[in-house]
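Quick notes on the structure that follows.
Atoms considered below: every heavy atom in the structure, side chains included; atoms not considered: hydrogens, waters and symmetry mates.
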Amino acid sequence: MTQLAPDFDSLGLSSELVQALVGMGFTTPSPIQLEGIPVLLKGGNLLGVAQTGTGKTAAFSLPLLQRLDPVQTEPQIIVLTPTRELAIQVGEAIEQYAKYLRRVRVACVYGGQDIRRQLIALRNGVQVVVGTPGRIIDHIERGSLKLEKIRAVVLDEADEMLRMGFIEDVETILARTPDTAQRALFSATMPPAIRRVAKVYLGDAEEVRIASKTTTVEQIEQFFIQVPQNHKVEALARLLETEPIDGVLVFAKTKITTVAITDQLIARGFSVASLNGDLSQQVREKTIGDLKAGKINIVIATDVAARGLDVDRISHVINFDVPTDTEIYVHRIGRTGRAGREGKAILLITPAERRMLRIIEQATRQPITPMAPPTGEQMKQHRVARLQQEIMAVIDRGVLQEAREVALALAAQHDIGLDEIAAALIQKLPQGQNVLEKLYDVPQGVSRERSDAPRGERPRRIPVPTAMDRYRLEVGRQHNISQKDIVGALANEGRIDSKHIGRIELFDTHSTIELPKGMPHEMLRHLQTVRIRQHPGKFSLVGTAQPRGAERRGNNKPQAPKTRSKDGYRGK
Ligand code: AMP
């Protein structure tokens with residue numbers, strides 16, 4: 001029977017470990033910790049049927065750390081994880097738990113990282129090695145990872161290792177570690193192959209089952225939006241603009257889709273990054289770091305790349321594609337509602353996929369509430385409210401007397417009202433143009449690709465928009481600037497994919513550039529910080545560029561930049 005333990009002390013953990021937990025704000029053990037810690041502390045094997053989000057990392061790390069010998073500098077604990085991201089995460093967590101244990105060192109080893117770095121770490125002496133099975137075997141074979149002193153082996157997310165084809169490697173490692181080593185296996189599900197591994201290598205392990213979905217799913221509000229496939233990006237963009245988001249993970253089924261969504265959102269001015277297996281390890285780590293630090297808020301990921309991702313600030317998980325399996329759904333939405341916070345999961349589903357919705361509801365025993373994508377009118381109201389807030393913020397800070405005088409002089413000279421001047425200024429602002437943009441409602445119950453909206457009222461097309469705005473930059477030929485410099489600065493610093501950068505024209509003192517219409521204010525503010533060959537760009541909107549598609553339709557000749565306007569900039 002489970003005894004309710006009021007705190008971690010009563011589980012028998014040392015004061016150093018408890019001190020680290022207090023520092024991390026953990027006061028009450030989670031169910032898997034309550035049941036698992038005593039088993040491992042007394043040297044037993046543990047079979048934990050639990051998924052991420054239940055606190056399983058602490059459940060195995062704390063007792064195993066307590067049992068290791070800090071004087072001995074050979075590896076004593078091996079933790080196997082299916083992905084590099086999870087390895088890093090678990091490694092970081094163990095380091096935090098071991099903060100007050102002297103001389104305990106942790107190494108993370110995984111494919112994709114320079115092996116020399118890992119060799120140095122291992123040579124310097126570590127007691128805990130966390131890694132992916134392939135790289136661990138590599139080190140065992142090189143002799144850089146010695147197994148003689150191993151006291152414990154942990155398999156984390158065993159079912160995922162099976163799914164990814166690592167189970168043979170896992171068995172090889174288990175077979176080569178001393179029989180006396182403790183074993184702990186965690187898995188969200190127990191397919192027969194995992195049961196067999198548990199039977200062979202864990203013997204009479206104590207089994208702790210944490211009913212999946214309990215803590216995680218209940219803290220997450222779940223919604224679905226029925227939307228035709230070709231309107232999903234529009235629905236997604238509207239959600240990102242109107243929902244009170246902090247961090248957002250958008251799940252797509254393939255690597256290609258993650259890139260396509262990322263590109264289309266960037267074209268709409270969002271600051272977004274993809275997370276998929278095609279990206280280098282460094283890029284993936286940087287993206288996760290940026291997401292954790294709030295440098296980016298929106299990440300478009302595949303299931304594998306986001307496996308076990310633990311970022312507290314994820315307020316929303318948006319399933320762009322419906323997962324094929326309910327376990328995947330539960331794992332995806334478990335990326336939000338972390339560390340006791342609330343989370344929101346929104347599933348974009350086509351009418352043809354509605355069957356899957358019912359299956360997920362049955363499996364999770366939780367209702368998924370229907371939700372409508374924000375309508376054009378709601379978007380408008382939202383944008384107006386935001387614009388008003390921004391204007392009020394300027395007024396609250398105090399309007400400059402000089403600016404007031406310019407406005408009053410203009411009104412007097414032309415005998416016009418201040419309201420007209422204010423309206424003209426709003427119209428000139430990018431946010432003002434967003435407000436004035438005509439927005440149609442995203443269709444919901446339509447399963448065919450075509451829209452049923454009447455002619456002339458068709459919703460905006462999803463592909464990359466060709467509607468562009470023209471901006472002026474205060475750098476030109478006299479600053480030794482070339483078009484390449486501008487594209488490079490925008491792509492690298494401005495996070496704008498070069499394919500979304502339109503025509504660039506260079507003049508002596510300035511240049512002009514076309515960028516997708518309706519970029520959010522946040523993005524424009526960021527652009528203000530971009531420097532081109534050390535010169536501040538000082539972007540300013542000068543007007544709408546003629547749509548490229550429309551121009552081509554008008555005359556069948558290829559686009560010739562110089563024929564469009566004499567200087568590319570109509571202002572002074
Ligand atoms: P895990 O299941 O190991 O991925 O842990 C899920 C999240 O819960 C992580 O952010 C942990 O830091 C956090 N966590 C683990 N144990 C506790 C606890 N006892 N109290 C509060 N948060 C915890």
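At least one donor-acceptor pair closer than 3.5 Å links the side chain of D321 to the backbone N or O of K253. With R335 contributing its side chain and V311 its backbone, the two residues share no donor-acceptor pair below 3.5 Å. Under a 3.5 Å cut-off, the side chain of S187 and the backbone N or O of D159 do form a donor-acceptor pair. A donor-acceptor pair under 3.5 Å is formed between the side chain of S280 and the backbone N or O of V283. With hydrogens and angles ignored, the 3.5 Å screen pairs a side-chain donor or acceptor of D7 with a backbone N or O of S10. With Q127 contributing its side chain and R103 its backbone, the two residues share a donor-acceptor pair below 3.5 Å. With R183 contributing its side chain and Y201 its backbone, the two residues share a donor-acceptor pair below 3.5 Å. Using modelled atom types, no side-chain atom of D290 and backbone atom of K295 make a donor-acceptor pair closer than 3.5 Å. The backbone N or O of T302 sits nowhere less than 3.5 Å from a side-chain atom of N276 that would complete a donor-acceptor pair. Panel note: side chain T336, backbone I333; no donor-acceptor pair is recorded below 3.5 Å.
Shown here is D114, whose CG atom has more than 12 heavy atoms of other residues, nucleotides or ligands within 6.0 Å. Heavy-atom neighbours of Q282 CD from other residues, nucleotides or ligands within 6.0 Å: at or below the threshold of 12. Within a 6.0 Å radius of CD1 in I256, other residues, nucleotides and ligands contribute 12 heavy atoms or fewer.
Counted by atom type alone, R332 and N319 present one or more donor-acceptor pairs between their side chains at under 3.5 Å. One side chain, E285 or Q281, offers a donor N or O that lies under 3.5 Å from an acceptor on the other. There is a side-chain donor-acceptor pair under 3.5 Å between Q118 and R135. For the residue pair R84 / Q113, no side-chain donor-acceptor distance below 3.5 Å is found, with atom types taken as modelled. Side-chain contact annotation: K232 with Q229, donor-acceptor N/O pair under 3.5 Å present.
The side-chain heavy atoms of I94 and V79, taken from C-beta on, include a pair separated by under 4.5 Å. The shortest distance between side-chain heavy atoms of I32 and F186 falls below 4.5 Å. For the pair V153/L155, a side-chain contact is recorded, criterion being any heavy-atom separation below 4.5 Å from C-beta on. In this structure the side chain of E171 reaches within 4.5 angstrom of the side chain of V197, judged on heavy atoms. Contact check for I78 versus L145: side-chain heavy atoms found under the 4.5 Å cut-off. With contacts defined as side-chain heavy-atom distances shorter than 4.5 Å, the pair P75/I150 qualifies.
With sequence neighbours left out, A121 forms a side chain to side chain contact (heavy atoms under 4.5 Å, CB included) with A107. Applying the salt bridge (Lys or Arg N to Asp or Glu O under 4.0 Å) criterion to R176, with sequence neighbours excluded, gives no partner residue. Every residue two or more places apart in sequence or in another chain that forms a salt bridge (Lys or Arg N to Asp or Glu O under 4.0 Å) with E206 is listed here: K42.
Separating the CD atom in Q66 from the CG atom in L41 is a distance of 5.0 Å, to the nearest 0.5 Å. To the nearest 0.5 Å, atoms CD1 (I137) and OG1 (T172) are separated by 4.5 Å.
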Test side-chain hydrogen bond (donor to acceptor under 3.5 Å, both in side chains) on H382 and E241; report intermediate values, then the result. CA-CA 9 Å; H382 185 85; E241 198 178 324; 5.6 Å; no
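The ring of F8 has its center no closer than 6.0 angstrom to the ring center of F26.
The minimum heavy-atom distance linking A59 with I37 is given by the pair O-CG1, 3.6 Å.
Taking 4.0 Å as the cut-off between side-chain N and carboxylate O, E74 and R151 do not count as a salt-bridged pair. Between R358 and E361 there is a salt bridge, since a side-chain N of the basic residue sits under 4.0 Å from a carboxylate O of the acidic one. Using a cut-off of 4.0 Å between Lys/Arg side-chain N and Asp/Glu carboxylate O, E207 and R195 are scored as salt-bridged.
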